[in-house]
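Scroll down for the structure; my scribbles are underneath it.
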Amino acid sequence: PTGPTGPGGAGLLAASLFSAPTVTNVQPTLSETTSYAPISRTVPYTLQNNELVLSAGTYVINYGTTATSLSSAQPSISLSINGAVDSSTTRAGSGNTISNLTGNYLITATDGTTLGLSTNANADITYANNYLIIQMI
């Protein structure tokens with residue numbers, strides 16, 4: 001886009017993509033895959049104990065996974081904010097299926113706000129293509 005919300009305007013300042021390897025019965029481990037800085041600015045964060053520690057600002061968070069359940073166990077993914085699962089971010093699939101679980105969340109963070117991915121860790125559920133995209137606005 002161009003104009004007031006495009007490059008140089010008041011729109012998106014920066015974005016970073018985090019991904020995690022395929023996991024079964026444990027939480028995904030985040031690592032930064034790509035950082036985009038359309039206005040020469042990066043998303044201000046540190047990675048600590050498998051959580052992102054954000055600097056103050058407003059962010060759009062996009063997250064998701066492809067969950068494969070081999071039993072009636074229901075897969076789910078949520079955002080963990082300051083160490084607690086935010087139930088409004090929980091996306092759940094069905095047992096005995098492959099489910100693509102995705103969500104978006106708008107957060108105004110203060111310095112030190114932590115952000116992570118949380119899943120229903122179960123021996124019958126595998127999570128693949130895990131991602132977390134953070135866009136600073």
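Since the structure is predicted, the reported quantities are computational estimates derived from the model, not experimental observations. The first residue in the sequence is number 1, and the count goes up from there.
Listed by chain and residue number, Thr97 satisfy the side chain to side chain donor-acceptor pair (under 3.5 Å) test with Ser99 (two or more places apart in sequence, or in another chain). Asn96 is linked by a side chain to side chain donor-acceptor pair (under 3.5 Å) to nothing, counting only residues two or more places apart in sequence or in another chain. Remark: Ala128 engages Thr22 in a side chain to side chain contact (heavy atoms under 4.5 Å, CB included) (not counting sequence neighbours). Residues passing the side chain to side chain donor-acceptor pair (under 3.5 Å) test with Thr102, sequence neighbours excluded: none. With sequence neighbours excluded, the residues that form a side chain to side chain contact (heavy atoms under 4.5 Å, CB included) with Ser69 are Ser71, Ala73, Pro75, Ile125. Partners of Phe18 by ring pair (Phe, Tyr, Trp, His ring centres under 6.0 Å), not counting sequence neighbours, listed by chain and number: Tyr45. Ser87 is linked by a side chain to side chain contact (heavy atoms under 4.5 Å, CB included) to nothing, counting only residues two or more places apart in sequence or in another chain. For Thr90, the side chain to side chain contact (heavy atoms under 4.5 Å, CB included) partners at least two apart in sequence or on another chain are Ser76, Ser78, Val85. Taking the side chain to side chain donor-acceptor pair (under 3.5 Å) definition, one finds that Ser19 meets it with Thr33, sequence neighbours left out.
A distance of 7.0 Å separates CD1 of Ile77 from CG of Leu101, quoted to the nearest 0.5 Å. Distance check: Met136 CE to Ile61 CD1 gives 11.0 Å after rounding to the nearest 0.5 Å. The distance from atom OH of Tyr63 to atom CG of Asn104, rounded to the nearest 0.5 Å, is 7.5 Å.
Closest of all the heavy-atom pairs between Thr65 and Tyr131 is N-CE2, 4.3 Å. Pairing each heavy atom of Val53 with each of Gln48, the nearest pair is CG2-CB, 4.1 Å. The two residues Ser80 and Glu51 make their nearest non-hydrogen contact at OG-OE2, 3.7 Å.
The closest side-chain heavy-atom distance from Leu54 to Ile134 is below 4.5 Å. Residues Asn129 and Asn100 have side chains not in contact (no heavy-atom distance under 4.5 Å, counting atoms from C-beta outward).
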Throw together a table of side-chain donor-acceptor distances under 3.5 angstrom for residues 23-30, partners on residues two or more places apart or in other chains.
residue : atom : partner : partner atom : Å
Thr24   : OG1  : Thr126  : OG1          : 2.9
Asn25   : OD1  : Asn122  : N            : 3.4
Asn25   : OD1  : Ala123  : N            : 3.3
Gln27   : OE1  : Thr119  : N            : 2.6
Gln27   : OE1  : Thr119  : OG1          : 3.0
Gln27   : NE2  : Thr119  : O            : 3.0

Name the atoms and distances for all side-chain donor-acceptor pairs under 3.5 Å in residues 109-118, with sequence neighbours left out.
residue : atom : partner : partner atom : Å
Thr110  : OG1  : Thr113  : OG1          : 3.4
Asp111  : OD1  : Ala56   : N            : 2.9
Thr113  : OG1  : Thr110  : N            : 3.1
Thr113  : OG1  : Thr110  : O            : 2.9
Thr114  : OG1  : Asn82   : N            : 3.1

### Leu79/Leu132 under side-chain contact (heavy atoms from CB on, under 4.5 Å): CA gap, chis, key distance, verdict
CA-CA 9 Å; Leu79 289 178; Leu132 178 68; 3.8 Å; yes

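With hydrogens and angles ignored, the 3.5 Å screen pairs no side-chain donor or acceptor of Gln74 with any backbone N or O of Gly95.
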